[in-house]
Amino acid sequence: MSNVADNSKSPEKPKHFIRQIVDKDLASGKHQTIATRFPPEPNGYLHVGHAKSICLNFGIAEEFKGQCNLRFDDTNPAKEEAAYATAIEEDVHWLGFEWNGNIRHASDYFDQLYGFAEELIEKGLAYVDELTPEKIREYRGTFEVPGKNSPHRDRPSSESLDLFRRMKAGEFSDGQMCLRAKIDMASPNINMRDPVIYRIKHQTHHRTGDKWCIYPMYDFTHCISDALEGITHSLCTLEFEDHRPLYDWVLDNISIDCHPQQIEFSRLNLEHTVTSKRKLNLLVTDKHVDGWDDPRMPTISGMRRRGFTAAAIRDMCERIGITKKVNTTEMGVLENSVREDLDKNAKRVMAVLDPVKVVITNYPEDKVEQLTAPNHPQKEEMGVRTLFMSKEVFIDRADFREEANKKYKRLVLGKEVRLRNSYVIQANDVIKDQQGNITEIHCSYDPDTLGKNPEGRKPKGVIHWVSATHSLSATVRLYDRLFNVPNPGAEENLPESLNPESLITLSNARIEMSVKDVEPETRFQFEREGYFCSDRYDCKDGELVFNRTVTLRDSWAKIENKL
RNA sequence: AGGGGUGUCGCCAAGCGGUAAGGCAACGGGUUUUGAUCCCGUCAUUCGUAGGUUCAAAUCCUGCCACCCCUGCCA
């Protein structure tokens, strides 16, 4: 659907602080052109929080006619897999962004990174430490207590160099030694207390295979990768604020002629969802959901399958803005963004989710009429579709009551209602089974009400329907929020706050014929119900499966609750 | 001997010394063959708080308070 950014008619975007910085850097001539990057670690699926970062990085590059790289931060072979990388690429593309040139990998720079490490050693700014991980932690000190120097801190750089080369050659085992930057064990910033920059890991890397058994740490890798790629603005989340001095220290102390500016912004938090990789993983592993792309998951692939459009996700990211404040966005913002997109772009169709049979007693037995209905009430250019009218139709159980107050505008015994895009009918009789469940409603119709109101009156309600004989059976999955609490991430026991009704599967739904050969991932508005999307995987071979993306706004529910 | 950040409406968020934008939500009303959409209207005398500077302060200064992040050979 609408996968292309529609920025054309948003006259002025809010100037958040990062745009202001970029503006200023361009105006002052600090940069002729800007370069950003989106640097995921290929160890999980992208989620809505990443979408914010993707939109920021790619968006700002696009806006200022710069470029944005896609770079996999693959420095920890123990956690990373090629399969994740493939999924990430697909998600970024689907969101509507194009990266600059080839995909980059931190692992592409392993040779250069190694060279810079040797340079630091030669300058006396890094040393090989043989303290155990436990000892390193102990020597690091605490927030209140300064750390103390490792006994190996002042060994000759020639010795460190030799040891570092032997580390690389595979002479030592994991954890036996590591390379540390020599900065300041007494720094109030713990990241500056001689951070480890290389560690030994006898582990096959998904791209470099067994070439390396030592791998650089994030703090050493990220800034150099940025510099090597000529990144001008390195945008990251708040928790890296304390790492910025280290980012700058590394670039200031190696022979490199580029020094990107790291700028931090706050992550996205969405009410009723979690975005921690660990928690998302738990949901999948413990089968609380049906995989990473379950439509209830806040992953990009999950939201896609649910029916959210890329444009809607981008729109939400624009609306929430960029600041350094800790924030929690209400679901309403995302929902508003999808509704706005889908209202404009989704074809309308009628589907009866919980069918009850209506027999139109005065309608000729074998007559089948073909009626024409617009695909969109406001957009004529979206064309029309054919509806089949017959003696027996289905309506939704919720649209009929034997008796009701005047607020209820649907079918009531003895009263009239409009069948949308068809005739006005009147309910005359109700047939029930032994348990008292309604099995049939007998109605009469007014043949002179097609496209016009009955003489002298106007039915107050309109309900949707499908022909009992000329309609299709469908499975409809009603999704709702995965968690009942606003901030599930803060919950001690995550599964306890799961919403038991996050998925309701209706297998007896009926839908109009026009949808017969629907392609997967087609979005519709089921009139009076909500926006639905044919399932990307399960809707095939004539089997119709739809996922509810979001309901329509429901002011009736509010009225009803007040009654 | 701690350090780094952040506080403007229920939720986001502009504002950058000249007298509180906007969006979402909410609440009224109108149009409507979707209780949808659309339209119209209401919604911060006050910016964490206490002082100070100034003709003028959300914006500058000082003190206090609250919240978030940091002690992986994770990113």
Side-chain angles (χ1 to χ4, degrees), chain A residues 14-16 20 39-41 43 73 75-76 78-80 129 131-133 136-138 140-147 174-180 186-193 195-201 214-215 217-219 221-222 236-245 264 266 271 277 316 318-337 339-340 343-344 348 350 373 376-378 407-410 418-422 424 449 451-453 458-464 525-530 551-560:
Chain A
K15 279 264 185 286
H16 58 64
Q20 290 181 28
E41 183 186 13
N43 71 341
D73 222 333
T75 57
N76 188 351
K79 294 186 172 182
E80 296 147 8
D129 198 357
L131 250 29
T132 62
I136 287 185
R137 194 181 320 124
E138 196 182 312
R140 186 154 35 225
T142 67
F143 293 145
E144 286 80 22
V145 181
D174 292 10
Q176 192 177 146
M177 53 187 76
C178 63
L179 184 68
R180 294 231 253 167
S187 172
N189 180 347
I190 291 180
N191 293 303
M192 300 298 269
R193 318 240 263 228
V196 172
I197 58 176
Y198 259 94
R199 76 291 217 187
I200 300 171
K201 265 182 197 290
I214 57 172
Y215 293 94
M217 300 285 289
Y218 166 84
D219 284 308
T221 309
H222 203 84
C236 63
T237 43
L238 252 30
E239 67 270 27
F240 291 102
E241 221 152 11
D242 287 341
H243 294 242
R244 187 168 5 112
E264 310 85 14
S266 52
E271 273 193 351
K277 272 181 193 168
M316 178 196 68
E318 191 57 55
R319 283 170 193 255
I320 60 176
I322 300 289
T323 65
K324 299 184 73 144
K325 247 185 299 195
V326 173
N327 62 85
T328 305
T329 296
E330 292 175 342
M331 266 298 176
V333 181
L334 211 209
E335 292 179 348
N336 175 262
S337 292
R339 289 193 182 113
E340 205 171 285
D343 172 60
K344 234 171 284 172
R348 277 89 287 196
M350 289 194 287
H376 191 288
Q378 280 88 229
K407 290 271 194 189
Y408 187 81
K409 302 200 298 186
R410 311 178 190 182
R418 157 80 61 187
L419 290 184
R420 179 140 169 95
N421 295 123
S422 179
V424 171
T449 52
K452 60 179 179 187
N453 282 322
K458 185 180 176 187
K460 58 179 190 277
V462 180
I463 63 172
H464 57 97
Q525 183 195 101
F526 288 1
E527 288 191 287
R528 303 210 313 126
E529 291 287 357
T551 61
L552 251 30
R553 268 194 191 87
D554 190 359
S555 56
W556 166 242
K558 286 179 195 167
I559 296 167
E560 204 178 19

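Letters go in sequence order (proteins before strands), and every chain restarts at 1.
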Colleague: Counting only heavy atoms not in A:K460, do more than 12 fall under 6.0 Å of its NZ?
Modeller: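 More than 12 heavy atoms, drawn from other residues, nucleotides or ligands, come within 6.0 Å of this atom.
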Colleague: Picking from B:G35, B:A1, B:G72, which would you name as closest to the side chain of A:A186?
Modeller: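 Ranking B:G35, B:A1, B:G72 by closest atom to the A:A186 side chain puts B:A1 first.
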Colleague: Quick check on B:U31: is either OP1 or OP2 less than 4.0 Å from any side-chain nitrogen or oxygen of A:Q378?
Modeller: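 No, no such contact exists.
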Colleague: Among B:G5, B:A13, B:A36, which is the nearest nucleotide to the side chain of A:K324?
Modeller: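 Selected nucleotide (nearest to the side chain): B:G5.
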Colleague: Between B:U59 and B:G15, how far is it from one P atom to the other, in whole Å?
Modeller: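 Comparing P positions in B:U59 and B:G15 gives a spacing of 15 Å.
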Colleague: Taking only the side-chain heavy atoms of A:V196 (C-beta and beyond), determine which of B:A26, B:C70, B:C73 contains the nearest atom.
Modeller: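 Of the options given, the side chain of A:V196 lies nearest B:C73.
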Colleague: For B:G35, does the base pair up with any side-chain atom of A:R410 as donor and acceptor (N or O, under 3.5 Å, distance only)?
Modeller: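 Per atom types, the contact qualifies.
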Colleague: Is A:R348 side chain donor-acceptor paired with the B:U34 base, going by distance under 3.5 Å alone?
Modeller: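 Side chain to base: pair found, below 3.5 Å.
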Colleague: Any salt bridge between A:D129 and A:R180, counting N to O under 4.0 Å?
Modeller: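 Salt bridge present between A:D129 and A:R180.
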Colleague: For A:V145 and for A:N336, find the nucleotide of RNA chain B with the closest heavy atom, then tell me which residue's nucleotide is more 5'.
Modeller: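 With A:V145 and A:N336 compared, the 5'-side residue is A:V145.
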Colleague: Of the candidate nucleotides B:G5, B:C24, B:A75, which contains the atom at the shortest distance from the side chain of A:E330?
Modeller: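 The answer is B:C24, which lies nearest to the side chain.
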Colleague: Can you check whether any acceptor in the base of B:G4 is under 3.5 Å from a donor in the side chain of A:N189, or vice versa?
Modeller: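 Between B:G4 and A:N189, which were checked side chain against base, a qualifying N/O pair under 3.5 Å is absent.
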Colleague: Looking at B:G35, does its base get a donor-acceptor pair with the side chain of A:E560 below 3.5 Å?
Modeller: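 Absent.
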Colleague: Of the options B:G35, B:A36, B:C70, whose atoms approach the side-chain atoms of A:D242 most closely?
Modeller: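 When the side chain of A:D242 is considered, B:C70 is the closest of B:G35, B:A36, B:C70.
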Colleague: As a test of reading the structure: which of B:A13, B:A75, B:U71 is closest to the side chain of A:T323, going by heavy atoms?
Modeller: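 Looking only at side-chain atoms, A:T323 lies closest to B:A13.
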Colleague: Within the modelled atom types, does a donor on one side and an acceptor on the other bring the side chain of A:Q525 and the base of B:U34 under 3.5 Å apart?
Modeller: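 Per atom types, the contact qualifies.
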Colleague: B:A75, B:U71, B:G35: which one has an atom nearest the side-chain heavy atoms of A:H243?
Modeller: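 Closest nucleotide to the A:H243 side chain: B:A75.
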Colleague: Provide the distance between the two C1' atoms, one in B:U71 and one in B:A66, to the nearest whole Å.
Modeller: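 One C1' to the other, the span is 24 Å.
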Colleague: Which nucleotide sits closest to the side chain of A:V462: B:G35, B:A75, B:C24?
Modeller: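 Nearest listed nucleotide: B:G35.
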Colleague: Would you say the base of B:C70 stacks on A:F143 (centre-to-centre below 5.5 Å, plane angle below 30°)?
Modeller: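 Aromatic stack with B:C70 present for A:F143.
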Colleague: Identify which nucleotide among B:U71, B:A36, B:C69 has an atom closest to any side-chain atom of A:T142, counting heavy atoms from C-beta outward.
Modeller: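 From the listed options, B:U71 comes nearest.
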Colleague: Tell me which nucleotide among B:U6, B:G35, B:U34 gets nearest to the side chain of A:P377.
Modeller: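 For the A:P377 side chain, the nearest candidate turns out to be B:U34.
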Colleague: Is there a donor and acceptor pair closer than 3.5 Å between the side chain of A:R528 and the base of B:U34?
Modeller: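 In this structure, the two groups form no donor-acceptor pair.
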